[in-house]
Amino acid sequence: MMQRKDIFVKGIAFWLLLALCLSTLSVNEVEAASKPKKPSFTVTKRAKTTATIKIKKKDKVTVYHVYVKKGKKGKYRLWTFSFKRTFKILKLKPGSEYYVKIRACRTRGISVKKSKFSAVKKIKKYKKPTPKPTATPTPEPSAQPSPNPSDTSVQEKYAQEVLDLANEERAKEGLAPLVLDQKLCEAAAIRANEIVEKFEHTRPDGSSCFTVLGQNGINFRTTGENIAAGQSTPAAVMDTWMHSEGHRANIMSQNFGKLGVGFVKAPQGYQYYWVQLFTD
């Protein structure tokens, strides 16, 4: 009789312990699923075709989604992304007014949490500033031709520059340098074209970004991907990545030894699109 009672008591203790564990897990899940705070911002400057936005810092944010509509009767559309709190909205028409709203996104792994939209702010029409009289007119600098990013030589140059900058950062931490891998670069180039259409770590067909590796005959045990848009130079995109916790972790990971860099300049969207693919 005493033996059955002991079993009964132990059974109750087991279920109480299990309930406590599930309760603790539930609390952790709530914390992990918390949304970022609703952002607030100001329009600090309107130029002829751009407007400068400054977001007030509230909490840690991975990226801001910026929605813009033209005029009161226009429809909002996703105009740009920004990894920084101060940035420019491009391709505005001088004679038009716009309305802007922003939401913050926080990522953890493949999970994405979005805040509520900010209050709407108006971007006024561009007004040409009255020129100040000068004793001697200043000559305009001559325009320097920029390289065409579609040229293979330019893409190779940009990939090498991104690699060199990444290895400079790794050297500061005593980490082994990454090696530029041609197959990885070809896969990264495919992903760069894909994120023009869909700026996410999933491909336009809905599959994982890493399926591009298998399609290109690349074997790996560990892998990672960084994406970015809007930065016109390797130095600018590396600065963006290094100031983002998740992207920096990939660049500085001891698990990676190979790097592929993809770059494309598109006629729409943010124009400049970048991808880093890492493998062991």
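All values below were derived from every heavy atom in this structure, side-chain atoms included, with hydrogens, water molecules and symmetry-related copies excluded.
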Report yes if the side chains of Trp79 and Leu92 come closer than 4.5 Å at any heavy-atom pair, otherwise no.
-> yes
Check: Gln276 and Asn250 side chains under 4.5 Å, non-hydrogen atoms | no
Give a yes or no answer on whether the side chain of Asp181 reaches the backbone of Lys183 with a donor-acceptor pair at less than 3.5 Å.
-> yes
Phe199-Val68 co-clustered via ILVMFWY side chain contacts under 4.5 Å | no
Looking at CD of Glu225 and OG1 of Thr279, how far apart are the two atoms once the value is rounded to the nearest 0.5 Å?
-> 13.0 Å
Hey, is NZ on Lys91 packed in by over 12 heavy atoms from elsewhere, all under 6.0 Å?
-> yes
Transitively linked via ILVMFWY side-chain contacts under 4.5 Å: Leu90 with Phe41?
-> no
Quick one: are the ring centres of Phe81 and Tyr64 less than 6.0 Å apart?
-> no
Nearest heavy-atom neighbours spanning Leu178 and Ile251 = CD1-O, 4.4 Å
How about Met238 and Val162: do any of their side-chain heavy atoms sit closer than 4.5 Å?
-> yes
Note, Asp59 side chain near Arg106 side chain (heavy atom, < 4.5 Å) = yes
side-chain hydrogen bond (donor to acceptor under 3.5 Å, both in side chains) with Glu168: which residues, sequence neighbours excluded?
-> none
Give a yes or no on whether Lys121 atom NZ has more than 12 heavy-atom contacts from other residues, nucleotides or ligands under 6.0 Å away.
-> yes
side-chain hydrogen bond (donor to acceptor under 3.5 Å, both in side chains) filter on Thr233, not counting sequence neighbours, yields none
Evaluate the criterion side chain to side chain contact (heavy atoms under 4.5 Å, CB included) for residue pair Ile53 and Val43; output intermediate values, then yes/no.
-> CA-CA 5 Å; Ile53 302 296; Val43 181; 3.8 Å; yes
In Phe83, Trp274, Phe278, the residue satisfying ring-ring contact (aromatic ring centres under 6.0 Å, His included) with His247 is Phe83
Does CD in Gln215 sit with more than 12 non-hydrogen atoms of other residues, nucleotides or ligands closer than 6.0 Å?
-> yes
Could you name each residue pair satisfying salt bridge (charged side-chain N to carboxylate O under 4.0 Å, His left out) that touches residues 62-87, not counting sequence neighbours?
-> Lys84-Asp239
Do you know the tightest heavy-atom contact between Ser232 and Tyr158?
-> O-OH, 4.4 Å
Considering all heavy atoms, the nearest Lys37-Ala104 contact = O-CB, 4.1 Å
Evaluate the side chain to side chain contact (heavy atoms under 4.5 Å, CB included) criterion for residues Ser82 and Val63: first the C-alpha distance (whole Å), next the side-chain angles of each, then the deciding distance (0.1 Å), finally the verdict.
-> CA-CA 6 Å; Ser82 178; Val63 66; 5.8 Å; no
Would you say Asn226 and Val275 make side-chain contact, with heavy atoms under 4.5 Å?
-> no
Got a donor-acceptor contact below 3.5 angstrom from the Ser208 side chain to the Phe210 backbone?
-> yes
Determine whether Phe263 and Leu163 fall in the same hydrophobic cluster, where Ile, Leu, Val, Met, Phe, Trp and Tyr are linked whenever their side-chain heavy atoms lie under 4.5 Å apart.
-> yes
Where the side chain of Thr50 meets the backbone of Arg46, is there a donor-acceptor pair that is under 3.5 Å apart?
-> no
Hey, are the side chains of Glu97 and Lys124 touching, using non-hydrogen atoms and a 4.5 Å cut-off?
-> no
Chi angles and distances behind the salt bridge (charged side-chain N to carboxylate O under 4.0 Å, His left out) call for Lys172, Glu169 | CA-CA 5 Å; Lys172 294 176 185 178; Glu169 297 296 336; 3.5 Å; yes
side-chain hydrogen bond (donor to acceptor under 3.5 Å, both in side chains) against Glu194, all qualifying residues, sequence neighbours excluded | Arg191, Arg203
Residues 102-129 vs ring-ring contact (aromatic ring centres under 6.0 Å, His included), sequence neighbours excluded, gives Tyr67-Phe117
Quick one: does Pro39's side chain get under 4.5 Å of Ser115's, heavy atoms only?
-> yes
Output yes when a side-chain donor or acceptor of Asp280 lies under 3.5 Å from a complementary backbone atom of Arg221, and no otherwise.
-> yes
Do Leu78 and Ile55 sit in the same hydrophobic cluster, where Ile, Leu, Val, Met, Phe, Trp and Tyr count as joined when their side-chain heavy atoms come under 4.5 Å apart?
-> no
Measure the spacing between NZ of Lys35 and NZ of Lys38 and express it to the nearest 0.5 Å.
-> 12.5 Å
Got more than 12 heavy atoms from elsewhere within 6.0 Å of NZ, Lys58?
-> yes
For Asn255, the side-chain hydrogen bond (donor to acceptor under 3.5 Å, both in side chains) test, sequence neighbours excluded, returns none
Report the C-alpha distance between Thr80 and Tyr270 in whole Å, list the side-chain angles of each, state the deciding distance to 0.1 Å, and finish with yes or no for side chain to side chain contact (heavy atoms under 4.5 Å, CB included).
-> CA-CA 7 Å; Thr80 188; Tyr270 312 115; 2.6 Å; yes
Inter-residue atom distance Cys209.SG - Leu277.CG, 0.5 Å rounding | 7.0 Å
Check: Trp241 main-chain N/O paired with Ser244 side-chain donor or acceptor under 3.5 Å | no
Taking all heavy atoms of Gly262 and all of Ala192, pick out the closest pair and write down the distance.
-> C-CB, 3.9 Å
Rounded distance [0.5 Å steps], CG in Leu184 versus CZ in Phe256 = 10.5 Å
Look only at the side chain of Thr62 and the backbone of Thr107, and say whether a donor-acceptor pair between them is shorter than 3.5 Å.
-> yes
Does a sphere of radius 6.0 Å around CD in Gln254 hold more than 12 heavy atoms from other residues, nucleotides or ligands, not counting ones at 6.0 Å or beyond?
-> no
Could you check if a side-chain atom of Val66 sits within less than 4.5 angstrom of a side-chain atom of Val100, using non-hydrogen atoms only?
-> yes
Between the main-chain N or O of Ile102 and the side-chain N or O of Ser118, is there a donor-acceptor pair closer than 3.5 Å?
-> yes
Rounded to the nearest 0.5 Å, what's the gap from OG1 on Thr52 to NZ on Lys45? Could you check?
-> 6.0 Å
Step by step, would you call His65 with Cys105 a side chain to side chain contact (heavy atoms under 4.5 Å, CB included)?
-> CA-CA 7 Å; His65 290 182; Cys105 294; 3.5 Å; yes
Determine whether more than 12 heavy atoms belonging to other residues, nucleotides or ligands lie under 6.0 Å from atom CG of Asp205.
-> yes
Rounded to the nearest 0.5 Å, what separation is found between the OH atom of Tyr98 and the NZ atom of Lys93?
-> 6.5 Å
